[in-house]
Amino acid sequence: MKTLIQGVKGARDFYPEDMAFRSWLNRKLGDVSRMFGYQEYDGPFLERLELYAAKSGEELVKEQSFVFEDRGGELIALRPELTPSLARMVATRQNELLFPLRWWSFGPFWRYERPQKGRSREFFQWNIDLVGVNSREADTEMLAIGCTFFKEVGLSSNQVVIAINDRELMEAELTSLGISNESLKDVYRLIDRREKMSADAWDTYANDIGITEKQLLDIKDLLENKELWKKSAALSYIFNLLDGMGFLPYMQYDPNIIRGLDYYTGIVFEARDREGGRAIFGGGRYDNLVGDVGGQPAGGIGFAMGDVVIRLTLEKYKCIGELPVAPAKVLVTLFNQETVAPAIAIAAKIRTAGIPVEIYPEVAKLPKQFKYADRQKMRFILVLGPDEVISGKVSVKDLLDGKQSVVSLAEAIELISK
RNA sequence: GUGGCUGUAGCUCAAUGGCAGAGUGCUUGACUGUGGAUCAAGUUGUUGUGGGUUCGACCCCCAUCAGCCACCCCA
């Protein structure tokens, strides 16, 4: 115990029960992705730091990336997010890819942050993107995918909500308040921090970036205006389409949603537990990213969901059923030395029938073998003792109802395959 | 990166500066061919790690590592 080498801070072990959840989640989000016609892909886990340097935002690159120098002197980062890789991959084969392009992925990411509840340094993320169109229908689809996922895993609109805003709308409103294009990014940052700072500190911060008293009051009004979306033709259109799909209860307009990543250009959104906590997923429209990494301009929209927060949320609302860890539902016992060979032969025949089987891997007392099967939550036990060997039959016990019968091998296979 | 809380048996947690404990689990038996339930007996420790104070440290002090919470940021 004392000589155990500790795991890396913020990295998690996936014991079988954790892996069962990860696989379950992978299957669920894969099902939803495929339901909308999305194709699975992946990017490399390593990228040049410069891919993120210009596009993702200062903090993510300078403070939160795992970076190292390779032997050739290149600065390499463990990917902190996928969207820049996606943009690069699209730009690389722009002339051969078929657009609109619908891609999804589920894989590991790394960010050098302080681990705590809902946040680790190594985490898995579902990324889903629709690239090559800038349309309100595309925006709607991405939101519908988020809603469908929530429905699919059993999270209701009373429990979670997708808050949405439109950066174009905000840009127009802020410009009409006399805020220059140059300070727009600063004001976005200001808005993004509103609920994270004290009122006084926020006012001071606003003053520091050159916002006048009058403008500050106007911005505050703007951020209180839950009806602001009505000024956006895009948001009105999107809400209408989502209403038609029955997803409107999941949606909520919120002028405070801005998002920290610099590359978002249109609608931005994030999903949360209605009772608070970290964002479950977040995303938005990025119409310049592919162009920024050297491709022809191509718009895109997508979002990312981390495995840590969604697991906490699903556990909180008891959305995860029993996830079987043992793949075999049948245990073949080894009664004594004489019955080992016939028992192993029977197990092999059952496998030929396509049924996963475990053999107790040594001769042992039956109570011990039964207990093992029970604790593994296996359904059936096959006993092949001297009596069965003589009669040419096997005993099959169903641990669910405790009933046991002596039958032929064919009948046993029939029993356990139900 | 900043501030705070915590770390004792496999797990959950006790123990005024004075013999390190309980529940649960595990092993065995009651039941020599049958799990879950019950009962009985047994078992489990360099108190995260390294220093210091003290006659004596799980307890006080320092450092360090890890987890958690609030910031920061975000999935």
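Per chain, numbering begins at 1; letters A, B, ... match sequence-line order.
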Quiz item: Would you say the side-chain atoms of A:Glu152 pair up with the backbone N or O of A:Leu29, donor to acceptor, closer than 3.5 Å?
Solution: no

Quiz prompt | First encountered from the 5' end of RNA chain B, between A:Lys397 and A:Ser120 | solution = A:Lys397

Quiz prompt | Donor-acceptor pair, side chain of A:Gln215 and main chain of A:Leu177, under 3.5 angstrom | solution = yes

Quiz item: Does one side chain, of A:Asn26 or A:Ser23, offer a donor that lies under 3.5 Å from an acceptor on the other?
Solution: no

Quiz item: For A:Phe281 and B:A75, is the gap between ring centres under 5.5 Å while the planes differ by less than 30°?
Solution: no

Practice problem: Answer whether the closest heavy-atom distance between the side chains of A:Ile211 and A:Val187 falls below 4.5 Å. | Solution: yes

Quiz item: Do the side chain of A:Glu113 and the base of B:A75 come within less than 3.5 angstrom through a donor-acceptor pair of N or O atoms?
Solution: yes

Self-check item: Atom-to-atom span, OH of A:Tyr52 to P of B:C73 - whole angstrom
Solution: 21 Å

Practice problem: Just call it for A:Thr339: base, sugar-phosphate, or nothing, with non-hydrogen atoms closer than 4.0 Å on any strand. | Solution: nothing

Self-check item: Flag, side chain of A:Arg111 to backbone of A:Gln64, donor-acceptor distance under 3.5 Å
Solution: no

Quiz item: Base, sugar-phosphate alone, or nothing: which one does A:Ala279 contact when heavy atoms must sit under 4.0 Å apart?
Solution: sugar-phosphate

Self-check item: For atom OH of A:Tyr205 and atom P of B:C72, their distance in whole Å
Solution: 12 Å

Quiz item: With rounding to whole Å, what would you report as the distance between B:G50 and B:C13 at their C1' atoms?
Solution: 26 Å

Quiz item: What integer distance in Å separates A:Phe370:CZ from B:U34:C1'?
Solution: 4 Å

Quiz item: Can a donor-acceptor pair under 3.5 Å be found between the side-chain atoms of A:Glu388 and the base atoms of B:G33?
Solution: yes

Self-check item: Exercise: do A:Arg272 and A:Gln252 side chains pair donor with acceptor under 3.5 Å
Solution: no

Quiz item: Checking all strands, does A:Phe335 fall into the base, sugar-phosphate, or nothing category for heavy-atom contacts under 4.0 angstrom?
Solution: base

Practice problem: Give, for atom CZ of A:Arg48 and atom CG of A:Asp70, the distance between the pair rounded to the nearest 0.5 Å. | Solution: 8.0 Å

Quiz item: Distance between the C1' atoms of B:A57 and B:C72, in whole angstroms?
Solution: 38 Å

Practice problem: Figure out the CZ/P separation between A:Arg379 and B:G36, and round it to whole Å. | Solution: 19 Å

Quiz item: Is there a donor-acceptor pair closer than 3.5 Å between any side-chain N or O of A:Gln376 and the backbone N or O of A:Ala373?
Solution: no

Quiz prompt | A:Trp202-A:Tyr205 aromatic ring centre distance below 6.0 Å | solution = no

Quiz prompt | Nearest-angstrom distance from the residue atom CD1 of A:Ile280 to C1' of B:C74 | solution = 14 Å

Practice problem: Provide the distance between the two P atoms, one in B:U49 and one in B:G10, to the nearest whole Å. | Solution: 13 Å

Quiz prompt | Min side-chain heavy-atom separation A:Phe124-A:Arg311 under 4.5 Å | solution = no

Quiz item: Among B:G35, B:G33, B:C74, which is the nearest nucleotide to the side chain of A:Asp374?
Solution: B:G35

Exercise. Quickly work out the A:Phe269 CZ to B:C74 C1' distance and round it to whole Å.
Key: 15 Å

Self-check item: Integer-rounded Å distance: B:C73 C1' and A:Phe109 CZ
Solution: 17 Å

Quiz prompt | Distance-only donor-acceptor test, A:Gln404 side-chain atoms vs B:U34 base atoms, 3.5 Å | solution = yes

Practice problem: State whether A:Lys365 places a side-chain N or O below 4.0 Å from either non-bridging phosphate oxygen (OP1 or OP2) of B:G35. | Solution: no

So which protein N/O to nucleotides 38-40 of chain B N/O distances come out below 3.5 Å?
none

Exercise. Starting at atom NZ of A:Lys371, determine the distance to atom P of B:U28, rounded to an integer number of angstrom.
Key: 8 Å

Exercise. Quick one: label A:Ile310 by what it contacts on the DNA or RNA (base, sugar-phosphate, nothing), any heavy atom closer than 4.0 Å.
Key: nothing

Check nucleotides 64-69 of chain B against the protein and report each pair of N or O atoms closer than 3.5 Å, with its distance, or say if there are none.
from, atom 1, to, atom 2, distance (Å)
B:C65, O2', A:Gln6, OE1, 2.6
B:G67, OP1, A:Gly10, N, 3.3
B:C69, OP2, A:Lys117, N, 2.2

Quiz item: Strictly under 6.0 Å, is that where the ring centroids of A:Tyr188 and A:Tyr264 end up?
Solution: no

Exercise. Determine, for A:Asp287 against A:Arg167, whether the closest basic-nitrogen to carboxylate-oxygen distance falls under 4.0 angstrom.
Key: no

Practice problem: Classify the nucleic acid contact of A:Asp307 as base, sugar-phosphate or nothing, counting any heavy atom under 4.0 Å across all strands shown. | Solution: nothing

Self-check item: For RNA chain B, the dot-bracket pattern of Watson-Crick and G-U pairs whose distances stay under 3.5 Å, | for other-strand partners
Solution: (((((((..((((....[..))))((((((.......))))))....(((((..]....))))))))))))....

Self-check item: ring-ring contact (aromatic ring centres under 6.0 Å, His included), paired with A:Trp126, selected from A:Phe149, A:Phe281, A:Phe106
Solution: A:Phe149

